[in-house]
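No experiment lies behind these values; they were computed from the predicted model shown. All ligand and atom numbering here is 1-based and tracks the order in the structure.
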Amino acid sequence: MTSGFQSRLTSPKELIEAGLAKPERLAELEAVAERYAIGLTPALADLIAPDRPADPIALQFVPDLRELIRDPAESDDPIGDDPRSPVKGLVHRYPDRVLIKLVAVCAVYCRFCFRRERVGPGSGTLSAADFAAALNYLRAHTEVWEVILTGGDPLTLSPRRIAETTQALAAIPHIKVLRWHTRLPVAAPERVTKAMARALVAEGKTTVAAVHANHPRELTEGARAACRRLAAAGAMLVSQSVLLRGINDDPETLIALMRAFVEAGVKPYYLHHGDLAPGTTHWRVPISKGQELMRTLRARLSGLATPTYMLDIPGGWGKAPIGPQWIHRGESGEHVVTDPQGAQHAYADRLGKNG
Ligand code: SF4
């Protein structure tokens, strides 16, 4: 398989020719492809052994007929971007930060994507006029401290376009933090060049790259080198993963994933509970199981390697950490705290006279 972003697989036929799906699945793959985009880059396709349909990398990108089954609770806008969008492409959900959806395309198309109804080829980038309107909104909202650049994957833009975006935002004095959400370091690490890394940072501002990966095999040597280029340019790196049934919903895989992030210089940040996006029921894990996995991570990993398990509340109400809880009140009102091995201990919450 050749390398490069242009040579990615984008059709059922190409997936079959690459040995990533059996020919008899063509009609099934085409039915799904009519609704949801396909994209698989060489960097990730090369990790998949042919004729291994249950490979955790393949499963994330090869369509499945279950994507066309919609649960009544699922929504085209599962995290409620639309009700919180005062101008096109901008979501203002929390007082001190906004999202700007710069681009609707990605290097790869994850079958569980929470914005799957909004991303895909041909969906385009935010127009110059729309970006100018977003900048005007930000200038007028001095409470905004952090801007999250997302999409789609904003690192699919050219370094020149990224630099223009960075500099335009950096010129607004009250904006102190630029956070770029991306899957590119694992999907196409060769595209994360020194020039791109430099384009993300601005003098006097903090740049954060939130790197999306779900399985430890995604953190290849190439991906780790891409992360190091981002760090060398001055970016702080944090992780984002989705808890996915059959991909990473077991302790050993999650532990290996979180350690791989830290080894790549990426602080494990969020483990997302799967959003209620259409056709994603087969991906979700019960919250009780997610909490149990988090208990195991806490027992076996340092705090440096432990993410927070998060749920985006449907309707646009924001994210909430969903446990497990480590402290509760006992029958007499005393604090009871659970240690990493699961044993419980009373804690006396003594305060000084001014406390
Ligand atoms: S890279 Fe992100 S936005 Fe793009 S398809 Fe995957 S989850 Fe969705």
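- Nearest non-hydrogen protein atom to atom 5 (S) of ligand 1 is Cys110 N, 3.4 Å.
- Counting the atoms of ligand 1 from 1 in the order shown, those under 4.0 Å from a heavy atom of Val108 are 4 (Fe), 5 (S).
- Under the 30°/60° scheme for interplanar angles, the aromatic rings of His141 and His92 are found to stand perpendicular.
- Which parts of ligand 1 touch Arg183 is read off a 4.0 Å heavy-atom cut-off, strictly below it: atoms 1 (S).
- The Cys106 neighbourhood of ligand 1 comprises atoms 1 (S), 3 (S), 4 (Fe), 5 (S), with distances under 4.0 Å to a heavy atom of that residue.
- Salt bridge annotation for Arg224-Glu218: absent, with no cationic side-chain nitrogen under 4.0 angstrom from a carboxylate oxygen.
- Relative orientation of the His272 and Tyr270 rings is perpendicular, given thresholds of 30° and 60° on the angle between their planes.
- Salt-bridge annotation for Glu74 and Arg284: present, with a side-chain N of the basic residue lying under 4.0 Å from a carboxylate O of the acidic one.
- The closest approach between any non-hydrogen atom of His212 and ligand 1 is below 4.0 Å.
- If you check which protein heavy atom lies closest to atom 8 (Fe) of ligand 1, you get Cys113 SG, 2.3 Å.
- Note on Arg295 versus Glu292: salt bridge recorded, some NZ/NE/NH1/NH2 to OD/OE distance being below 4.0 Å.
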